[in-house]
Amino acid sequence: MLCTIKKWAPSEEGTFLLAHIPNDTLILKLSHLRANTFNLATLDEIMAIEIERSSVKKVVMPSSTATVRLKLTRTYLSDITFVAGNGQLNFLTITESRLKTIPSTIVHLVALETVAITKSPIETVNLWLFSKLTRLYELNLCSNKILFLHLPDTSVGDFASLQLLFLSENLLTTINLGAFNGMQALQTLDFQNNRIRRVQGALVSNSLQTLELSGNRLETLYCCEWHLPNLNHLALSRNVLSMFPTCLSLTMPNVLYLILDRNALIDSDTWHNLFTLKRLQQLDISHNRLTKAVLGNISNSLLFLDLQYNNITVLHVPAGRMGLKITASYNAIDTFDIKSLSPNVTTLEMFCNPIDCSFNRARMQIGQEPVCYTDRRNCKTLQNIIK
């Protein structure tokens with residue numbers, strides 16, 4: 001099913017060896033191909049073609065081909081042309097190339113379902129090139145050098161099937177989220193690990209389920225004009241947020257997983273509104289600057305609350321769902337009353353506080369009460385192991 005040809009030089013050796021490819025070959029891999037330009041017309045009966053570790057600079061794909069998958073990895077590719085009329089190619093992967101722009105002829109690949117163009121020196125992307133590809137459901141443009149995204153106004157039917165859009169590991173500094181509102185099928189929007197400082201536009205989508213903005217430089221996030229009724233995963237790790245996103249509980253009422261670790265969050269009367277989220281199951285606010293966790297109105301759906309690595313001195317959670325797990329290690333809690341904790345809390349971790357009252361009810365005998373300790377001698381050792 002897989003046939004590999006190494007160090008083929010078509011201009012010197014001709015195509016004689018192609019006649020010896022087994023008839024049942026599904027994947028043809030060309031490794032260290034010796035050609036500056038390569039026309040895939042010579043391989044038009046192969047279902048999947050991979051070109052890897054090659055000096056090829058230009059590839060031409062004809063319209064009359066049976067190829068369904070095309071993958072180019074670690075090449076000198078700077079130009080690729082797709083001839084109009086190609087109705088077969090479903091999957092396109094280009095990684096570690098020298099492409100500086102998205103090939104304009106990609107609009108001719110009407111059967112495309114997934115596209116991954118990654119680890120290339122692409123600086124500007126016009127997403128309009130993908131808007132008329134009605135079968136495209138996944139677009140991966142991660143790990144390029146993208147500084148600018150262009151997305152003109154969309155028309156009805158544009159991006160008809162696009163569900164997954166990945167733009168992580170680029171160089172974006174500003175994004176207009178309102179530009180994505182026309183993607184009616186979009187479920188995942190990923191901007192992890194860029195350099196985003198400013199978010200513009202109101203994100204309005206009935207389909208979006210996951211929004212990833214971790215690993216950026218956001219100081220504030222205003223969401224009062226957003227409308228994301230079906231969003232269940234919001235990740236904002238590794239930013240510099242000092243305040244929780246505004247209006248989050250109103251505009252994203254069905255969030256299940258809210259990840260805000262490694263920011264600069266401080267105590268505020270507003271962040272307690274998060275606990276009005278009726279479906280919230282996991283809240284991670286570890287590695288911030290909080291000094292107290294007095295949570296009287298905690299959501300009855302919450303199962304995991306991570307408060308580690310803050311400067312919390314007071315922990316008070318009088319109510320909670322049966323099975324709630326709280327992690328509050330590496331804080332500054334010096335007094336603690338077990339009665340301030342809901343009996344529904346089944347696990348509490350308080351390692352490396354001035355007082356440690358950690359317990360796991362699953363490992364305790366019926367009627368046994370937690371025991372508190374004030375010995376922190378092993379905290380630095382434990383901290384190094386965890387890190």
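In this chain, numbering begins with 1 at the start of the sequence shown. Predicted model, so just to flag it, every value in this text is computed and none were measured.
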Non-hydrogen side-chain atoms of T73 and E50 separated by less than 4.5 Å: no
Pairs where residues 163-180 contributes a residue and the test side chain to side chain donor-acceptor pair (under 3.5 Å) is met, not counting sequence neighbours: E169-N193
Backbone of G182 reached by a side-chain donor or acceptor of D158 within 3.5 Å: no
Flag, side chain of N254 to backbone of P229, donor-acceptor distance under 3.5 Å: yes
Other residues, nucleotides, ligands: >12 heavy atoms within 6.0 Å of E225 CD: no
Backbone of C142 reached by a side-chain donor or acceptor of D190 within 3.5 Å: no
Side chain proximity check, V255 to L280, heavy atoms < 4.5 angstrom: yes
Aromatic ring pairing Y309/H287, orientation class (parallel under 30°, perpendicular over 60°, tilted between): parallel
From CA spacing to verdict: side-chain contact (heavy atoms from CB on, under 4.5 Å), L248, L258: CA-CA 10 Å; L248 192 151; L258 182 56; 4.1 Å; yes
Derivation and outcome, side-chain contact (heavy atoms from CB on, under 4.5 Å), residues I196 and L218: CA-CA 6 Å; I196 299 170; L218 292 171; 4.0 Å; yes
Check: S214 side chain, R238 main-chain N or O, donor-acceptor pair, under 3.5 Å: no
Neighbour count above 12 (heavy atom, 6.0 Å) for Q200 CD: yes
Linked, directly or transitively: F191 and I259 (ILVMFWY side chains, under 4.5 Å): no
Residue pair L303 / R321, side-chain heavy-atom distance below 4.5 Å: yes
Under 2.5 Å between SG of C223 and C247: no
Whether N239 side chain and S237 backbone form a donor-acceptor pair below 3.5 Å: yes
Candidate pair S54 and T75, rule side-chain hydrogen bond (donor to acceptor under 3.5 Å, both in side chains), full reasoning: CA-CA 5 Å; S54 300; T75 67; over 6 Å; no
Backbone N/O of S286 and side chain of D284: donor-acceptor pair under 3.5 Å: yes
More than 12 heavy atoms from other groups under 6.0 Å of CG on D153: no
D337 side chain vs K339 backbone, donor-acceptor pair below 3.5 Å: yes
Within 6.0 Å of CZ in F91, more than 12 heavy atoms from elsewhere: yes
S301 backbone acceptor or donor facing S299 side chain under 3.5 Å: yes
Hydrophobic cluster identity match, I312 and L348, side-chain contacts under 4.5 Å: yes
CA sep, side-chain torsions, deciding dist, call: N90, R135, side-chain contact (heavy atoms from CB on, under 4.5 Å): CA-CA 9 Å; N90 297 148; R135 294 173 59 182; 3.9 Å; yes
Polar side-chain atom of D261 near backbone of I285 as donor-acceptor pair, under 3.5 Å: no
Under 3.5 Å donor-acceptor, D356 side chain and S358 backbone: yes
